[in-house]
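All figures in this text were calculated on a predicted structure; none of them were measured in a lab. Labels below follow one simple rule: chain letters A, B, ... track the order of the sequence lines, proteins then strands, and each chain is numbered from 1.
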Protein chains: 2
Amino acid sequence: MSNRAWVTLATNDSYGLGALVLANSLRRVNSAFPAVVLITPSVTEPMRDRLRAAFAEVVTVDVLDSRDATHLALLQRPELGITFTKIHCWNLTQYEKCVFLDADILVVQNCDELFEREQLSAAPDVGWPDCFNSGVFVFTPSADTFSQLIAFAQERGSFDGGDQGLLNSFFSDWARGDINKHLPFLYNVTSAAFYSYLPALKHYGQNLKIIHFIGAAKPWLQQYNFESSTVEAPEHIRGFLQLWWDIFVSLVHPQLDTAMVEVEETS
Amino acid sequence: MSNRAWVTLATNDSYGLGALVLANSLRRVNSAFPAVVLITPSVTEPMRDRLRAAFAEVVTVDVLDSRDATHLALLQRPELGITFTKIHCWNLTQYEKCVFLDADILVVQNCDELFEREQLSAAPDVGWPDCFNSGVFVFTPSADTFSQLIAFAQERGSFDGGDQGLLNSFFSDWARGDINKHLPFLYNVTSAAFYSYLPALKHYGQNLKIIHFIGAAKPWLQQYNFESSTVEAPEHIRGFLQLWWDIFVSLVHPQLDTAMVEVEETS
Ligand SMILES: O=c1ccn([C@@H]2O[C@H](COP(=O)(O)OP(=O)(O)O)[C@@H](O)[C@H]2O)c(=O)[nH]1
Ligand SMILES: O=c1ccn([C@@H]2O[C@H](COP(=O)(O)OP(=O)(O)O)[C@@H](O)[C@H]2O)c(=O)[nH]1
Ligand SMILES: [Mn+2]
Ligand SMILES: [Mn+2]
């Protein structure tokens, strides 16, 4: 068994679709490392089947909720409380080093070199760049760290009500500490970067490794034309959304049974 | 004479108004260091008078233009070519260490500690956070560096057509080099941060040092009600815009002669 693994999370079948595309994107770039998906009880049995086929391990965990409605309201994303469930990843102590990837991520180039980094390595968040974005991070599984994170969360909550606020407060030396823990932005290019500073995207974005579809406009919610096999999207981000859908249509969709196709169509 | 100085730039009377407020904001927080403004021939004589009263030095320089219409068009900010003029600041060799501040900046807390940093220290840009934002940077004046920058600009241009692209390419080790050259974001909080990740702003922004009104909506272009002495602006940024206008109305506006008031009103 490998001592390193990619880890993602899906608490429902919609994010399950994202996780399936993510797993296929890792295979497409020939990653040498297995992928693990954390799921919660609400993921349906047909989706679990598909996840078992695409991932080396499917691990069922409890839902952790920050129950912090005030902060979440501030962010206007009340659904994010569930992302607290993410911190269960520290319990994967069968691995020595892991990289967490959100289920709304597409790996477009081989990134196996990420496993050489130390905990906690992550890329800056464009909303407040002295915070890291918690969609991609290198970590060391440890039952101790998990307990500390739970205790910290119970005592201090999370300034944004989600895992990103919690993890940034816990790993608070990220901004001013070791520069090697600052992953290049190319390892977590969030969708906003396709709109706010185009010349930088054109200049630095050629070698993009990981794209992260943050916010409410998830890839699986975009308009896709099955006849022309094209996705409707603004110019600069269209290529990556198309790649997501190409993977979905060729490798994920044919594997879904009728129950699952329904999920996809109503999601 | 101090061997350290704040430096700003105004190539026209509108940015001159910004520079005047900036200088007053530095005085308001009791900075121990003098402020220098670079101007170009197009700044009018009455404005020069006001700048001479507010700044320790007013230095006239040539306009440097990147003449790089393609890249600027991409950024949809053709006026930014003129910001190339900024690099004249390296010629202020009468000082040993300087901090450049854009004219659309307000210093809200004493930041004299910035002079302890080395060239080139700057805060991340929210558009592409592996770039620094060139609205605030610590530098060491040097005729040599100036020549190198000019040669570099002539040979390679600027990926965004402005000074930020040029400076990021020239000081290209910023992202992966010395973490001490990453100024805390609090030293250059750009207006976008007031909209994109509010919980982080509330959590980390209490101790904000410098606010930078980037983009087209400059403070001097906002609607101000002289009767109620209030500025119209979205909630989260209103306090800082109000502070800009309080300084403008109390310390800058009374000093403008009639010719200048006209500039203000048509700008
Ligand atoms: O209802 C949810 C919300 C989130 N997630 C997981 O938590 C991650 C973070 O949430 P999201 O990506 O929606 O946040 P964003 O990146 O848009 O801030 C997702 O990618 C999923 O892995 C999930 O499984 N179910
Ligand atoms: O017509 C101009 C444009 C810019 N500037 C100077 O260059 C800086 C950078 O431009 P700006 O602040 O408009 O760019 P932004 O910060 O919005 O990207 C300004 O603050 C001024 O100091 C100037 O003097 N005249
Ligand atoms: Mn995400
Ligand atoms: Mn500016």
Seminar exercise, completed: Between the CD1 atom in A/I179 and the NE2 atom in B/H182, the distance rounded to the nearest 0.5 Å is 3.5 Å
For this session: Spell out, as yes or no, whether a donor-acceptor pair under 3.5 Å connects the side chain of B/D130 to the backbone of A/P184.
Result: no
Exercise. Is any side-chain heavy atom of A/W128 less than 4.5 Å from a side-chain heavy atom of B/V126?
Worked result: no
Problem set entry | Greatest number of heavy atom pairs closer than 4.5 Å to chain B - which of A/S169, A/G177, A/A123 | A/G177
Exercise. Side chain, backbone, both or neither: which part of B/A192 has a heavy atom under 4.5 Å from chain A?
Worked result: neither
Exercise. Should B/Y204 and A/N168 count as side-chain neighbours, where that means a heavy-atom distance under 4.5 Å?
Worked result: yes
Problem set entry | Neighbour count >12 (heavy atoms, 6.0 Å) for atom CD, A/E113 | yes
Exercise. Should the ring pair B/F159 and A/H203 be called parallel, tilted or perpendicular, given that the plane angle runs from 0 to 90° and is split at 30 and 60?
Worked result: parallel
For this session: Could you pull out the closest heavy-atom pair between B/Y197 and A/C131, with the gap in Å?
Result: CE2-SG, 4.5 Å
